[in-house]
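One structure is given here, and the rest of the page talks about it.
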Number of protein chains: 2
Amino acid sequence: MSDRDQSLPHTVSGASNSGDALPPIGEHARQYETVRNAHETELIEDYVELIGDLIQHRGEARAADIASRMGVSQATVSKMIRRLNELGLVTSKPYRSLFLTEDGQKMAEVSRTRHDIVLHFLRALGVNDHTARIDAEGMEHHVSNETLSIMQRFIDQQTQR
Amino acid sequence: MSDRDQSLPHTVSGASNSGDALPPIGEHARQYETVRNAHETELIEDYVELIGDLIQHRGEARAADIASRMGVSQATVSKMIRRLNELGLVTSKPYRSLFLTEDGQKMAEVSRTRHDIVLHFLRALGVNDHTARIDAEGMEHHVSNETLSIMQRFIDQQTQR
DNA sequence: CATAATTGTTAGCCAAGGCTAAACTATTTG
DNA sequence: CAAATAGTTTAGCCTTGGCTAACAATTATG
Ligand SMILES: [Mn+2]
Ligand SMILES: [Mn+2]
Ligand SMILES: [Mn+2]
Ligand SMILES: [Mn+2]
């Protein structure tokens with residue numbers, strides 16, 4: 001509870017969606033379904049992305065570092081590493097540090113790129129860096145490629161002029 | 001797999017975050033923590049928001065409608081309603097339709113407002129309505145009030161001129 | 001109004017993602 | 001090089017949010 005709840009929600013200007021009719025049932029259901037699907041992959045993506053970052057910036061990814069950066073117990077990380085292994089995203093020998101497989105590297109790169117676009121977009125919009133980092137960490141997993149393209153275009157406009 | 005993955009991720013123009021140093025450990029951990037916290041409340045918020053919408057647009061909120069709109073089994077809804085009850089967000093008599101408590105109405109309104117801002121913002125940005133609805137459903141739970149204000153300002157600019 | 005259809009509930013299952021405590025391995029250091 | 005410290009894994013627990021199948025209640029219909 002710090003920066004995230006200082007100002008109260010506003011009233012929406014323009015047409016309020018509350019006034020609109022509900023979407024057709026099938027479409028409505030598909031919206032929630034998409035969110036549920038994103039939730040299944042997002043933790044995985046964050047782990048893989050973080051492992052990639054650690055390797056790149058630290059030379060190696062150790063479970064203890066992942067745990068402290070994630071803000072989670074080492075046991076939790078250990079369990080997750082087993083899952084990443086089963087998914088073919090990392091390779092690991094017991095008590096040694098981790099490596100990303102081909103697939104893992106690909107996922108790390110895609111996630112990192114998407115994360116960066118969302119972060120840069122928020123900053124370009126005028127959001128404070130600290131807040132932007134927090135918001136981006138959650139939002140990134142729920143942004144379609146269409147929206148991503150538009151965000152990228154927006155960044156370009158703000159940046160080179 | 002439809003509209004959400006047609007165009008490939010781009011290269012980030014401008015400074016890439018991958019090049020930046022990792023954030024200090026404590027801050028990094030707090031980012032993920034914020035996301036975990038959001039995940040704890042988001043389903044609840046969506047249920048309450050949907051119940052509010054159903055009452056408003058249909059006159060009542062029945063479990064079967066919630067199930068079909070959420071794209072989930074009735075058993076799942078039944079179980080969730082018990083939770084909402086325990087949390088003091090809804091009142092319900094067995095086999096009857098639902099009502100929001102004071103707290104529930106408040107949460108529904110706050111969620112609905114935030115949802116609308118995100119949706120209107122995406123449309124104002126130029127995102128296709130269909131995609132915007134999908135993205136908004138997930139993004140809404142990860143947007144700080146700071147970002148929300150900025151989104152609102154952006155909507156106002158685009159709208160009244 | 002009796003039966004059929006719809007709606008709601010309960011029981012029991014499962015996977016994911018947290019945790020603590022205990023055991024084990026590796027690394028550092030006196 | 002032995003002992004202490006740091007890092008990793010395992011076991012076992014918990015909650016959340018899904019599911020199916022069986023049962024119960026309500027509502028609609030012939
Ligand atoms: Mn990320
Ligand atoms: Mn993330
Ligand atoms: Mn919503
Ligand atoms: Mn939502």
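Lettering follows sequence order; numbering is per chain, from 1. Note that the coordinates shown come from a computational prediction; the quantities given were computed from them, not determined experimentally.
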* Where the side chain of Y47(A) is concerned, which of dT10(C), dG18(C), dG17(C) is the nearest nucleotide? -> dG18(C)
* **Check: Q74(B) side chain, dG8(C) base, donor-acceptor under 3.5 Å** => yes
* Asked: Is any NZ, NE, NH1 or NH2 atom of the basic residue among R114(B) and E45(B) found under 4.0 Å from an Asp or Glu carboxylate oxygen of the other?
  -> yes
* Structure fact -> Taken to the nearest whole Å, CZ/R36(A) to C1'/dG17(D) is 10 Å
Would you mind writing out the side-chain donor-acceptor pairs for residues 83-92 of chain B within the sub-3.5 Å range, not counting sequence neighbours?
residue : atom : partner : partner atom : Å
N85(B)  : ND2  : S92(B)  : OG           : 2.7

* Separation of atom CD in E40(A) from atom P in dG17(D), rounded to whole Å -> 14 Å
* Is the CD atom of E109(A) crowded by more than 12 outside heavy atoms at less than 6.0 Å? -> no
* To do: Could you check whether I81(B) gets within reach of a base, just the sugar-phosphate, or nothing at all, counting any heavy atom under 4.0 Å?
  => nothing
* E60(A) CD to dA26(C) C1': how many Å, rounded? -> 13 Å
* **Selected nucleotide, minimal atom distance to R82(B) side chain, candidates dT10(C), dC19(D), dG18(C)** => dT10(C)
* Length of the CG-C1' vector between L98(B) and dG8(C), whole Å -> 11 Å
* **Length of the CZ-P vector between R96(B) and dT6(C), whole Å** => 18 Å
* To do: For D65(B) and dG8(C), give me the distance from atom CG to atom P, rounded to whole Å.
  => 7 Å
* Of the nucleotides dA21(C), dT7(C), dT10(C), which one has an atom closest to the side chain of A75(B)? -> dT10(C)
* Does some side-chain heavy atom of T34(A) sit less than 4.5 Å from a side-chain heavy atom of E137(B)? -> no
* Asked: Among dG18(D), dC19(D), dT10(D), which nucleotide sits nearest the side chain of S73(B)?
  -> dC19(D)
* Rounded to whole angstroms, how far apart are CG on N85(A) and P on dT10(D)? -> 11 Å
* Rounded to the nearest angstrom, tell me the gap between atom CD1 in I66(B) and atom P in dG18(D). => 13 Å
* Are the aromatic ring centres of H142(B) and H39(B) under 6.0 angstrom apart? -> yes
* Residue whose nearest DNA chain C nucleotide is more 5′ - R83(A) or A63(B) -> A63(B)
* Using a heavy-atom cut-off of under 4.0 Å over every strand shown, decide if V72(B) touches base, sugar-phosphate, or nothing. => sugar-phosphate
* Side chain of Y95(A) only, please: which of dC19(D), dG17(D), dT25(C) is the nearest? => dT25(C)
* To do: Ignoring backbone atoms, test whether R62(A) places a side-chain nitrogen or oxygen under 4.0 Å from the OP1 or OP2 oxygen of dT8(D).
  => yes
* Would one find a side-chain N or O of T76(A) under 4.0 angstrom from OP1 or OP2 of dC19(C)? -> yes
